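Here's the structure we're looking at; comments come further down.
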Amino acid sequence: MGKNEKTGLGRALVKHHNSMIQQSKEKGMFYKSQHKKVLESVTEVSDIDAVIEQAEEAEQLFSVQHPTPNLLINLPPWNAGMSVEELDANEKQAFLVWRRSLARLEENEKLVLTPFEKNLDIWRQLWRVLERSDLLVMVVDARDPLFYRCPDLEAYAREIDEHKRTLLLVNKADLLPVSIREKWAKFFRLNKILFVFWSAKAASAALEGKMLTDPWKTQNSMQKSDDPDTKIYGRDELLARLQAEAEEIVKMRKLGSGTSKASNIRSPSGNAEGTSAPKNVMVGFVGYPNVGKSSTINALVGQKRTGVTSTPGKTKHFQTLIISDELTLCDCPGLVFPSFSSSRYEMIASGVLPIHRMTEHREAVQVVANRVQRHIIEDVYKINLPKPKPYESQSRPPQASEFLRAYCASRGYVASSGLPDETRAARQILKDYIDGKLPHYELPPGMSDESGAEDDGKPILPEVQNSDASDVDDSLESTSETAPLPDHVLDDLSSFDLANGLASKKETVKKSKASHKQHKKPQRKKDRSWRVGNDDDDGMPVVRVFQKPVNSGTLKVSNA
């Protein structure tokens, strides 16, 4: 009997093992049938690719509604009783409807969307992190926090769970002076944004016992602040802050679990969010690519657990990392959100889009030239940029062509055609800009840089950029008025001036432009200073001497 029992148990284990293998094969065949490949971010597709993709997805979607367009796709409701096929179909349908709504928005409203993530699997990674996390940490770049912040994502997190909060982790804060951090802290407080200043690079260097190499970075990071809102948090301080915020959310969820708005969205365990308290709290990290999420995770964990590179899109799948029995971190792949406020060139310069896929290198470098002051570029690269012409605004930023050619000349970058290798130079300049070698920062809306005017590395501010634009317009108008004219037109104007006594005023304009006509022959540069020798400044003596009709009339009378 005992032998038979052992035999029955062994057969049951073998049967269970075979069934598990069969289920794995079925799941593998399903994903293979869906043409699942290595997860890769897709931000650019051609029109024909979009048509084919929508046609393939529409074969299985017969009933498609058209809701109000939204810049952020929401996770469709699901529960534990759904099959894999049903959940996959629902997510595809929601994604297809969202893509179509954005296309209609661009076509009907004549709006231009920046490149955004078009791979559904990347969005699925975001949805899973949002579901699991108690506290959502949105990592942004301190040099321009509003560019990397996504308010739609914060609103969607509150839709999932009314108690879920979003904390803005302002990374690379060591690149900002204390005065600028104070302005951003004031702006965040006024707008009721939960924020923390942080530097993943400085925290990693402290763990390894290293010092920051760039002097200006060290100077900014050494500027200590007693204000908890403006100081740069250390590793232990940030971990304690994250755990405290997440525990507060769990406590509020327990108290108001009966009034949760997210009863239709369920967690992977099948229980509604908030109905069962987890043993520990989970903090999810989300944001744009290349803002420092993986570097932050590595600094908090204390060792390298995720790949780090300057190329956006290194993280392919979300992963959970246990810090302690009470705290777990969840790293999400970087995701490019749709936006109307920026351009693709700004996204390339900000590191959101890969530099190696860049085709319009001059436009991206122009973004850098507009944000970094001229003397900063010259000091960092030890080059001399061409000065603005006298008829141009003297405060205008350097043109991308001037910047690239000066950089190529100093580094000896020459293409096979014999021309300056601007593509190679542009990639290096953009990499230096993203890494912080070219210091710059943006100010909060409506605030000026009065206290930080003397800080090293101060970039061109928004107010200055606006004034520069007007100066450029004025310079264009003045250029159109005083542009060099053909010789025969100048001769006609000179005759007109002689006949009307305007030689003194016109000669002033001509003399100011004479230095720019390098192509004119030397003999045409005559000394006409005697024309303005009239004491009364009315030009009449000049007209009496050279008025040809009067002389010809006198000759006719004498001959008669």
Side-chain angles (χ1 to χ4, degrees), residues 70-80 91 94 122-140 145 148-171 188-189 191-196 198 238-288 291 293 296-297 300 318-324 326-335 337:
N70 187 8
L71 289 185
L72 191 64
I73 178 174
N74 295 340
L75 170 64
W78 69 282
N79 54 62
E91 291 178 348
I122 300 291
W123 288 95
R124 283 171 173 160
Q125 303 293 315
L126 175 68
W127 293 337
R128 305 301 179 254
V129 172
L130 289 177
E131 286 179 333
R132 295 169 178 265
S133 304
D134 299 305
L135 174 65
L136 193 66
V137 177
M138 186 180 300
V139 185
V140 298
Y148 300 93
R149 179 178 176 239
C150 182
D152 292 336
L153 183 61
E154 300 176 7
Y156 175 55
R158 290 192 297 268
E159 292 178 4
I160 295 178
D161 184 358
E162 61 180 350
H163 304 290
K164 196 184 295 288
R165 302 182 65 185
T166 302
L167 183 142
L168 208 65
L169 187 63
V170 188
N171 190 27
F188 293 145
R189 288 193 298 264
N191 292 272
K192 299 180 179 180
I193 300 175
L194 190 64
F195 69 97
V196 167
W198 160 258
L238 181 59
L239 287 174
R241 175 70 180 274
L242 296 178
Q243 184 171 348
E245 294 288 348
E247 290 177 350
E248 183 67 22
I249 294 173
V250 173
K251 185 185 301 183
M252 295 299 296
R253 185 184 295 122
K254 288 181 181 179
L255 296 176
S257 60
T259 59
S260 179
K261 296 181 181 179
S263 59
N264 61 333
I265 299 180
R266 302 194 175 263
S267 62
S269 62
N271 296 324
E273 290 284 349
T275 58
S276 62
K279 296 181 180 180
N280 60 358
V281 293
M282 181 170 290
V283 178
F285 288 79
V286 299
Y288 278 91
V291 292
K293 296 187 301 299
T296 299
I297 292 290
L300 294 179
F318 80 90
Q319 55 181 329
T320 56
L321 302 169
I322 299 176
I323 302 297
S324 64
E326 295 81 17
L327 179 62
T328 302
L329 306 181
C330 187
D331 185 19
C332 179
L335 196 146
F337 302 100

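As the structure is a computational prediction, the values presented were derived from the model and not from experiment.
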According to the interplanar angle, ranging from 0 to 90°, do the rings of F195 and F188 count as parallel (below 30°), tilted (30 to 60°) or perpendicular (above 60°)?
tilted

Nearest atoms (heavy-atom pairs only) where H163 meets R253
CD2-CA, 3.6 Å

Please tell me if the side chains of L75 and L130 come closer than 4.5 Å, counting only heavy atoms from C-beta onward.
no

Min side-chain heavy-atom separation V281-E326 under 4.5 Å
no

Backbone of S133 reached by a side-chain donor or acceptor of K164 within 3.5 Å:
yes

W78 and E131: which non-hydrogen atoms are nearest, and at how many Å?
NE1-OE2, 2.6 Å

Taken to the nearest 0.5 Å, the spacing of L167 CG from L194 CG works out to 4.0 Å

Salt bridge or not for K192 and E154, using N-O below 4.0 Å?
no

Does CZ belonging to R241 count more than 12 external heavy atoms closer than 6.0 Å?
yes

Side chains of W198 and L300, heavy atoms from C-beta outward: is any pair under 4.5 Å?
yes

Less than 4.5 Å apart, any side-chain heavy atom of L153 and any of T166?
no

Taking the side chain as C-beta and beyond, is there a heavy-atom pair between L335 and V286 under 4.5 Å?
no

So, taking the atom named CE in M282 and the one named CD1 in I323, what distance separates them when rounded to the nearest 0.5 Å?
11.0 Å

Minimum heavy-atom separation for K293 and P333, please, with both atom names.
CE-C, 4.2 Å

If you compare all heavy atoms of V283 against all heavy atoms of A246, which two are closest, and at what distance to 0.1 Å?
CG2-CB, 4.2 Å

From OG1 (T296) to CG (L329), nearest 0.5 Å:
10.0 Å

Taking N171 for the side chain and V291 for the main chain, is one N or O donor matched with an acceptor at less than 3.5 Å?
yes

To the nearest 0.5 Å, tell me how far I297 CD1 sits from C330 SG.
8.0 Å

Salt-bridge present (E247, K251; N to O < 4.0 Å):
no

Given side chains that start at C-beta, do those of V140 and L168 come closer than 4.5 Å, heavy atoms only?
yes

Less than 4.5 Å apart, side chain to side chain, heavy atoms only: is that true for R132 and T328?
no

Rounded to the nearest 0.5 Å, what separates atom CG in L136 from atom OH in Y156?
11.0 Å

So, for C332 and V129, which heavy atoms are closest and what is the spacing to 0.1 Å?
CB-CG2, 3.6 Å

Just so I know, are the side chains of D152 and F337 near enough to count as touching, which here means a heavy-atom distance under 4.5 Å?
no

Working to the nearest 0.5 angstrom, can you tell me the gap between D161 CG and I249 CD1?
8.5 Å

Grab the two heavy atoms, one from N280 and one from L327, that are nearest each other, plus how far apart they are.
CB-N, 4.0 Å

